[in-house]
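Worksheet for the structure shown next.
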Amino acid sequence: MTSSNIWQASDGTRLHYCSDDFTDPWKPSDTVVLVHPGMGSALRLYAWVPHLARDYRVIRPDIRGHGRSEPSLDKPLTNERLARDLIELLDHLKCERAHVIGASAGGIIAMHAALRFSERFASLGLYAATPGINPERPKKGNWLARVAQGGVRNFLTETMHDRIGDASPAHQKWFLDTAEGVTPEYLGRFVPLMASEYFPEKLAAIACPTLMVVPDPDPMVEAHEYDHMREYLKTAAT
């Protein structure tokens with residue numbers, strides 16, 4: 001079955017997740033958590049569900065400040081807080097260990113969580129995800145200034161081709177709609193946080209099996225950033 005759910009993190013923030021579970025109810029099943037990119041939502045990862053949900057319980061959280069999850073602008077936003085959101089969600093689900101897959105910023109959050117709470121990870125999947133945002137990368141596109149001036153939807157429209165290529169008008173509208181809930185005020189905190197720590201060397205401490213999936217070419221990330229990850233991520237397959 002598929003359900004949409006609200007739960008409360010330890011700092012009082014109300015967070016949302018989708019659950020898709022079509023496993024046999026009389027058998028134990030593992031959990032897969034899919035963490036979406038920044039300026040997105042759980043809806044972005046819908047196409048994974050048919051491939052996974054027959055054999056796994058699939059959980060798709062909205063990162064705080066995205067989708068239907070509260071931004072809690074009055075509370076501190078840190079890498080540890082975002083990592084704890086993921087782990088506290090596993091607690092809420094009564095799940096001791098999960099396979100976690102993160103895309104882009106969702107992968108950054110997953111890496112922080114894997115480093116802090118390694119015992120909760122059965123495996124880690126990283127899709128177009130680097131260990132933090134290289135501090136020079138946001139400056140190249142002047143992200144925050146453009147978002148502040150024109151809004152999130154306008155910024156995504158301007159950068160649409162880099163993100164989803166030659167998509168149909170209907171696909172483009174859907175892509176923009178799945179970013180609803182993200183505000184310039186929240187991104188003004190979220191993007192600098194993603195760039196506040198660049199930690200490829202720390203990846204050597206990740207103990208669980210890890211899969212790296214790297215776009216070729218990647219319009220957002222220089223290839224040497226992924227090469228640098230491979231030097232330290234000893235448990236990775238690419």
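The structure presented is a predicted model; accordingly, all values stated were derived computationally and were not measured. All heavy atoms count here, side chains included; hydrogens, waters and symmetry mates do not.
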Holding to side chain to side chain donor-acceptor pair (under 3.5 Å), I want the full list of residues that pass it with [X], two or more places apart in sequence or in another chain.
X: R81; result: S10, D85, E88
X: N154; result: E158
X: S3; result: N5
X: T2; result: D20

Side chains of [X] and [Y], donor plus acceptor under 3.5 Å:
X: R163; Y: T159; value: yes
X: R68; Y: S4; value: yes
X: H36; Y: S41; value: no

*Can you pull the ring pair (Phe, Tyr, Trp, His ring centres under 6.0 Å) pairs that have at least one residue in residues 104-124, sequence neighbours excluded?*
H112-F199

*Over all heavy atoms of both residues, which pair between T23 and S29 is shortest? Give the atoms and the distance, please.*
OG1-OG, 3.5 Å

*Please report the shortest heavy-atom distance between A122 and P209, naming the atom on each side.*
O-CD, 3.5 Å

Say whether, by atom type as modelled, one donor and one acceptor occur between the side chain of [X] and the main chain of [Y] under 3.5 angstrom.
X: R120; Y: E96; result: yes
X: S69; Y: G65; result: no
X: T210; Y: C208; result: yes
X: T130; Y: G132; result: yes
X: H66; Y: M39; result: yes
X: Y186; Y: S72; result: no

Inter-residue atom distance [X].[atom1] - [Y].[atom2], 0.5 Å rounding:
X: R84; Y: L89; atom1: CZ; atom2: CG; answer: 14.5 Å
X: S123; Y: I101; atom1: OG; atom2: CD1; answer: 7.0 Å
X: L126; Y: S104; atom1: CG; atom2: OG; answer: 11.0 Å
X: L176; Y: H171; atom1: CG; atom2: NE2; answer: 10.0 Å
X: L211; Y: L233; atom1: CG; atom2: CG; answer: 10.0 Å
X: T178; Y: L156; atom1: OG1; atom2: CG; answer: 8.5 Å

*Would you check, one step at a time, whether the test side chain to side chain contact (heavy atoms under 4.5 Å, CB included) holds for M229 with V214?*
CA-CA 11 Å; M229 290 177 67; V214 177; over 6 Å; no

Hey, quick one: are [X] and [Y] part of the same hydrophobic cluster, counting side-chain heavy atoms closer than 4.5 Å, chains of contacts allowed?
X: L77; Y: I87; value: yes
X: Y17; Y: I6; value: no
X: L15; Y: L43; value: no
X: I164; Y: V182; value: yes

*List for me each residue that meets side chain to side chain contact (heavy atoms under 4.5 Å, CB included) alongside A128, sequence neighbours excluded, and say none if there are none.*
P215, D218, Y226

*asked:* Among residues at least two apart in sequence or on other chains, which ones pass side chain to side chain contact (heavy atoms under 4.5 Å, CB included) with Q8?
replied: R14

Is the shortest heavy-atom distance from the side chain of [X] to the side chain of [Y] under 4.5 Å?
X: L93; Y: V33; value: no
X: V58; Y: D21; value: no
X: Y198; Y: E225; value: yes
X: E197; Y: K202; value: yes

*Tell me, which pairs form a side-chain hydrogen bond (donor to acceptor under 3.5 Å, both in side chains) where one or both residues lie in residues 49-59, sequence neighbours left out?*
D24-R54, T31-R57

*asked:* If you apply the rule side chain to side chain contact (heavy atoms under 4.5 Å, CB included), what do you find for L34 with I59, and how did you get there?
replied: CA-CA 6 Å; L34 306 177; I59 303 297; over 6 Å; no

Going by ring-ring contact (aromatic ring centres under 6.0 Å, His included), name the residues that satisfy it together with [X], two or more places apart in sequence or in a different chain.
X: H161; result: none
X: Y46; result: W174
X: F175; result: none

_From CA spacing to verdict: side-chain hydrogen bond (donor to acceptor under 3.5 Å, both in side chains), T13, D11_ = CA-CA 6 Å; T13 302; D11 68 347; 3.0 Å; yes

*Check salt bridge (Lys or Arg N to Asp or Glu O under 4.0 Å) between R97 and all other residues, then give those that pass, not counting sequence neighbours.*
none

*Take atom NZ in K173; do more than 12 heavy atoms of anything else shown fall under 6.0 Å from it?*
no

*asked:* Does Q172 form a side chain to side chain contact (heavy atoms under 4.5 Å, CB included) with T157? I'd like the steps, not just the answer.
replied: CA-CA 8 Å; Q172 293 179 32; T157 299; over 6 Å; no

